[in-house]
> 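The following block contains the structure, expressed as structure tokens.
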Amino acid sequence: MAHRTPRRITIVGASIAGLRAAESLRRRGYDGALTLVGEEASTAYQRPALSKSYLTGDRQASDLVLPRQDLDADLRLSTRAVQLDTAARQVWLREDDGPPYPQPYDGLLIACGTRARRLPGCDLAGVHTLRTVADADALRADLRTGGPRVAIIGGGFIGQEVAATARGLGLDTTLIDPLPVPGARALGLRTGQVLAGLHTDHGTRLRMGCGVTGVEGDGRVTGVRLSDGGLVPADVVVVGIGVEPAADWLTGSGVLLDNGVRCRGNLAAYGAPGIVAAGDIACWDHPRLGRPVRIEHWENALRQADTAAGTLLDGVSAPAYDTTTMFWSNLYDSRVQVVGHPGPDDTLEIVEGDPKTRRFVGIYRNDTGGPTGVLLFNMAHRLADYRGTALDEGLPSSLAS
């Protein structure tokens, strides 16, 4: 059956992937009806700043808002998708606490991202997750009240960034994780050891190798109980144990769900025609890695938006998304950048600098010796030179000999 260009497109998710996909559709000449649905009350904003400059108060909410073209679109904020009927081609939406209502579509782009995981029983005042600007507002208010003791559960990048921000505010800060070093799950033990030294040198206490059995308090949190029986006193607790795809509304729809919305290489969703996905919720067949991948980073969402828009207009014959993206983190006085998709079991080969000085470049390699990613630790000026290395294009010419 020949592909038909949709005349009614609905985008579920109004953050960076949804907004940029809408812009791409118009830029590609789409002139049909366009509806953009966002669960939050605000328009798209720079989410990476929430754990850093926004928490410190250096930037305000208005500073984070992303510029938006005139999309000639029906923008519905404070609205969430609650069900998908692929047979009728309808998304059921709900505004705030109102009744659900159907939104018809010919083409659907799913870009609703993820939700922060929560610890069961952690409903005391002073316990926070950090995913939205509303979350950041609540956490920022608590961090500014009475010089609180701060405990962060989870040593991934969100947890580490909040720890660095809290220490920058002069607060007593403890970072807790069941792995032996921070960042081990994403970047491996060797890089985690460098990160551990960075945290301790800036006064953040580390409780590594410890699980959390619960939080204590009466109405408001007073501490975090550890699996080894210890207690970390805390007036503010941040739970940074990762996110999960916001895909519950797709259950039973026929769209294949497996670590998010499972997609072909060009981001067309398996299980239903006329549907694509982009951003944190998309788990796609990566043509370079040869396996399904889901990436929770800003640049990936930005770049996937254009591919998803093209696939929606051109059909499943549209080209695959094979861009190698990067992510970064600012921790204290250091900048960490990663290009590609390294795994925690990959081997890190140092090719420039020295980890002892915290100024180095390393290449991650899999068990066959192929490069999977490049780590730049306080070496931002070398980023452009090493982008090709992550694509298996060899070392920069300055090192190739």
Side-chain angles (χ1 to χ4, degrees), residues 13-20 38-68 77-78 112-118 125-175 182-183 195 198-199 202-204 234-243 246 279-280 296-302 326-337 380:
S15 190
I16 180 66
L19 174 62
R20 296 303 183 230
E39 187 169 353
E40 295 185 59
S42 56
T43 56
Y45 54 87
Q46 300 173 48
R47 205 176 295 273
L50 296 182
S51 56
K52 299 181 279 290
S53 58
Y54 189 72
L55 276 190
T56 63
D58 293 337
R59 301 175 76 183
Q60 303 306 311
S62 58
D63 301 325
L64 306 185
V65 175
L66 293 171
R68 185 172 82 238
L77 300 176
S78 300
C112 50
T114 56
R115 295 192 179 99
R117 290 193 177 98
R118 300 177 181 272
V127 178
H128 300 266
T129 56
L130 183 56
R131 179 65 183 165
T132 68
V133 70
D135 295 336
D137 285 338
L139 176 57
R140 186 163 74 165
D142 263 1
L143 293 178
R144 291 176 170 182
T145 303
R149 300 163 297 178
V150 181
I152 297 126
I153 303 171
F157 275 106
I158 287 293
Q160 292 184 71
E161 288 169 358
V162 173
T165 299
R167 282 301 300 145
L169 295 172
L171 302 178
D172 180 300
T173 305
T174 303
L175 184 64
L195 292 169
L198 179 65
H199 285 290
H202 284 83
T204 296
D235 308 296
V236 174
V237 172
V238 181
V239 179
I241 57 174
V243 296
D280 294 5
E296 300 165 1
H297 298 302
W298 181 261
E299 188 186 47
N300 182 69
L302 179 68
M326 68 164 289
F327 67 93
W328 66 94
S329 183
N330 295 327
L331 300 170
Y332 310 102
D333 54 1
S334 292
R335 186 167 179 82
V336 182
Q337 295 164 295

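Keep in mind it's a predicted model, so treat the numbers as computed, not measured.
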> Could you tell me which non-hydrogen atom of Thr132 sits nearest to which non-hydrogen atom of Tyr45, and how far apart they are?
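Reported closest heavy-atom pair: CA-OH, 3.3 Å.
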> I need the Asp333 CG to Arg335 CZ distance, nearest 0.5 Å.
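Nearest 0.5 Å value for the CG-CZ distance: 13.0 Å.
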> So which of Thr173, Asp235, Thr174 actually passes side chain to side chain donor-acceptor pair (under 3.5 Å) with Arg149?
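Passing option: Asp235.
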> With a cut-off of 6.0 Å (strictly less than), are more than 12 heavy atoms of other residues, nucleotides or ligands near CZ of Arg118?
no
> I'd like to know if Arg47 pairs up with Asp280 as an ion pair, taking the criterion as any Lys NZ or Arg NE/NH1/NH2 lying under 4.0 Å from an Asp or Glu carboxylate oxygen.
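Result for this pair is no, no salt bridge flagged.
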> If we ignore angles and hydrogens, is there a donor and acceptor under 3.5 Å between the side chains of Arg131 and Thr114?
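There is such a pair between these side chains.
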> Between Ala44 and Ala14, which heavy-atom pair has the shortest distance, and what is it?
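Taking Ala44 first and Ala14 second, the nearest heavy atoms are CB-O, 3.2 Å.
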> Quick one: CG on Leu50 to CG on Leu130, what's the gap to the nearest 0.5 Å?
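Taking CG in Leu50 and CG in Leu130, the distance rounds to 5.5 Å.
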> Below 3.5 Å, can you tabulate the donor-acceptor pairs from side chains in residues 152-160 to any protein atom, sequence neighbours excluded?
{"residue": "Gln160", "atom": "OE1", "partner": "His199", "partner atom": "NE2", "Å": "2.9"}
{"residue": "Gln160", "atom": "NE2", "partner": "Gly155", "partner atom": "O", "Å": "3.1"}

> Can you tell me how far apart CD (Glu40) and CG (Leu77) are? Round to the nearest 0.5 Å.
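The CG atom of Leu77 is 9.5 Å from CD of Glu40, to the nearest 0.5 Å.
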> Are Arg140 and Tyr54 in a cation-pi setup, meaning NZ or CZ lies under 6.0 angstrom from the ring centre and within 45 degrees of the ring axis?
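Yes, Arg140 sits over the ring of Tyr54.
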> Taking all non-hydrogen atoms of both residues, which atom of Ala380 and which atom of Gln337 are closest, and how far apart?
CA-OE1, 3.1 Å
> Excluding sequence neighbours, so at least two apart, what forms side-chain hydrogen bond (donor to acceptor under 3.5 Å, both in side chains) with Asp142?
His128, Arg220
> Enter the distance from Ser51:OG to Asp135:CG here, rounded to the nearest 0.5 Å.
12.0 Å
> Taking all non-hydrogen atoms of both residues into account, name the closest pair between Pro182 and Leu195 and its distance.
O-CD1, 3.8 Å
> How many angstroms lie between atom CZ of Arg144 and atom CG of Leu171, to the nearest 0.5 angstrom?
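Answer for the CZ-CG pair, Arg144 versus Leu171, is 11.5 Å.
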> Might you work through the side-chain contact (heavy atoms from CB on, under 4.5 Å) test for Arg115 and Thr129, ending with a clear yes or no?
CA-CA 10 Å; Arg115 295 192 179 99; Thr129 56; over 6 Å; no
> Roughly how far apart are Glu39 CD and Cys112 SG, rounded to 0.5 Å?
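The SG atom of Cys112 is 8.5 Å from CD of Glu39, to the nearest 0.5 Å.
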> For Val236 and Pro148, which heavy atoms make the closest approach, and how far apart are they?
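The pair with the smallest heavy-atom distance is CG2-CB, 3.7 Å.
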> Does His202 offer a backbone N or O that forms a donor-acceptor pair with the side chain of Arg167 under 3.5 Å?
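Between the backbone of His202 and the side chain of Arg167 there is a qualifying donor-acceptor contact (under 3.5 Å).
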